[in-house]
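Report on one structure; see the data block that follows.
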Protein chains: 2
Amino acid sequence: MPKAIFQTIYQDLKIKIEEQQYPFQQLLPSENALVEHYHCSRNTIRRAISMLAEEGYVQSMHGIGVRVIYQPVRQTSFTIGGIESFQESACRNGLTASTRVVQFTELVSDEHIAEKTGFPIGSELYYIQRVRYLNGKALIFDINMFLKACVPGLTPEIAAHSIYDYIENTLGMTIVTSKRIMTVERITQADEKYLDLNDFNCMAVVSGHTYNADGLMFEYTQSRHRPDFFCFQDTATRKQGYPK
Amino acid sequence: MPKAIFQTIYQDLKIKIEEQQYPFQQLLPSENALVEHYHCSRNTIRRAISMLAEEGYVQSMHGIGVRVIYQPVRQTSFTIGGIESFQESACRNGLTASTRVVQFTELVSDEHIAEKTGFPIGSELYYIQRVRYLNGKALIFDINMFLKACVPGLTPEIAAHSIYDYIENTLGMTIVTSKRIMTVERITQADEKYLDLNDFNCMAVVSGHTYNADGLMFEYTQSRHRPDFFCFQDTATRKQGYPK
DNA sequence: GCTATTGACTTGTTTAAACAAGTATGTTAT
DNA sequence: ATAACATACTTGTTTAAACAAGTCAATAGC
């Protein structure tokens, strides 16, 4: 439900670019032209455009215009982007997804856990292990740790469905920022035990720290993907005025 | 060299956060307080803050303030971020780097290459293979393809040093946007031939398309990393007003 | 024919103002 | 005591305006 004007314009432009009404390599209408079209101020247009630029849809050129650099990508594997739940990602990738909870316990953060996850020593946590199935194949092994105080009433049943759905819709908590680190690690015994591995000896691992609307880190997640079903997309823009 | 005011404020706040003058979990001074401090408008302050939020340094909370969520990260392996050359990354990670050019040829894009790289069929390209050494170990295998028309006069000597340095400082071209895809792939014969692999049967692969200031894609790169020396960091923020 | 300049575009930066909306802390009335 | 309200903060959105700076093409002057 985008209520803000800039959100509406952003979405509208985005769709038009994806549908190639504004084709690859062409210029968008000038900011002033868009101001007339959408009946808003130039600042609002610029905000929408800057969001598109961040996502690698367009690129502004001083004195020239705004060029479309979006090209449709064929999705072959399981693509990760933004802050999404497993359900959302699976849906976007057009795959049938299911989840099996293989461990659901509580524990208290000790020195070793604190070092690895960033939870202060003594924090009470839920510890969850889940196997994710895509089109029937066991491809992803998820380890989640939640601050118990932030996610009260979590059950294995909820974990089997969607924890994010529970957090956002039942608890009414908003997820805002997620910091993630991608690495490639050797397979573990748990990987071998639970997943359908094809003689791979490595896994694509996404480790993430998630913050709620209060700026409190309430989740640490490690998501271990079988290499041939893993894909992560990113767009980087060069900062102007780099040091030196 | 930040000339813009918002750049200066952004850098100043960033340093103060990194030095923990504004510690983790605390609130920044309010926007109005910062307006007084920096003698600028609120919009300019907000722009600096929004840049920090994008990088996962702070998180704004409506009606409350702006919370610092930056925590120093220990850099264990070779970290990739932003748009950086190999030289820049190596320097930031405190490693000694060297490069060996193992192939330097020209070729013309055919159907197969066009499909994989996005260069139009018939484009004249430089094709370069390089082995990257970190602290003396062969850990990264790079494949680069450059639009010959955009990077004239490229030589193996330049490739052994820094192509980005040549592009930006000698040719005066500006690199603006880079779209990257991270995957994990099985090792190839070239990986085995050139790199010091420790019985890994996978590589961390970063494939990237780079655009210059004209919005023209002029580079396709595939960078193949030995898993234990690969790390990619990312910060995602949840979009408000998500569809439905 | 060539160069220099002008002018009409484009995007980039900054300001000032107004109002909306969320949060916290009072005080008041019940 | 508690609920309701006022109010003084906070950040969020939008507008209008002015000027800077980059690009491009037509034009004027040589």
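Below, all heavy atoms of this structure are taken into account, side chains as well, without hydrogens, waters or symmetry copies. First the proteins, then the strands, lettered A, B, ... as listed; each starts at 1.
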Does B:Arg47 place a side-chain N or O at less than 4.0 Å from the phosphate oxygens OP1/OP2 of C:dT13? yes
A:Ile64 CD1 - D:dC24 C1' separation (whole Å): 8 Å
Measuring to OP1 and OP2 of C:dA16, would you say a side-chain N or O of B:Arg42 lies under 4.0 angstrom away? no
In this structure, how many angstroms lie between the P atom of D:dG12 and the CD1 atom of A:Ile5, rounded? 17 Å
For B:Tyr70, the option from B:Tyr57, B:Phe24, B:Tyr22 that meets ring-ring contact (aromatic ring centres under 6.0 Å, His included): B:Tyr57
It should be established whether B:Thr44 places a side-chain nitrogen or oxygen under 4.0 Å from OP1 or OP2 of nucleotide C:dT15. yes
Tell me the interatomic distance from B:Arg46, atom CZ, to C:dA17, atom P, rounded to whole angstroms. 17 Å
Polar side-chain contact A:Asn43-D:dT15 base: donor and acceptor under 3.5 Å: yes
Before you tell me yes or no, could you show the steps for B:Tyr166 and B:Glu157 under side-chain hydrogen bond (donor to acceptor under 3.5 Å, both in side chains), namely the whole-Å CA-CA distance, both residues' side-chain angles and the distance that decides it to 0.1 Å? CA-CA 11 Å; B:Tyr166 175 72; B:Glu157 288 70 37; over 6 Å; no
What is the distance, to the nearest angstrom, from the NE2 atom on B:His39 to the C1' atom on C:dA16? 17 Å
Quick one: are B:Asp234 and A:Arg180 in side-chain contact, heavy atoms under 4.5 Å? yes
Quick one: is B:Ser30 getting a side-chain N or O under 4.0 Å of the D:dC9 phosphate, OP1 or OP2? no
How many whole angstroms separate atom CD1 of A:Ile45 from atom C1' of D:dT14? 12 Å
Side-chain heavy atoms of A:Ile49 within contact of A:Glu31, under 4.5 Å: yes
To the nearest angstrom, how far is A:Leu27 atom CG from C:dT10 atom C1'? 10 Å
With the side chain defined as heavy atoms from C-beta on, A:Phe6 is closest, among C:dT13, D:dT13, C:dT11, to D:dT13
The test is side-chain hydrogen bond (donor to acceptor under 3.5 Å, both in side chains); show your working for A:Thr221 and A:Glu219 and say whether it passes. CA-CA 6 Å; A:Thr221 298; A:Glu219 179 193 6; 2.4 Å; yes
Give the rounded distance in Å between these two atoms: CG of A:Asn32 and P of C:dG12. 13 Å
Rounded to the nearest angstrom, tell me the gap between atom NE2 in B:His62 and atom C1' in C:dT23. 9 Å
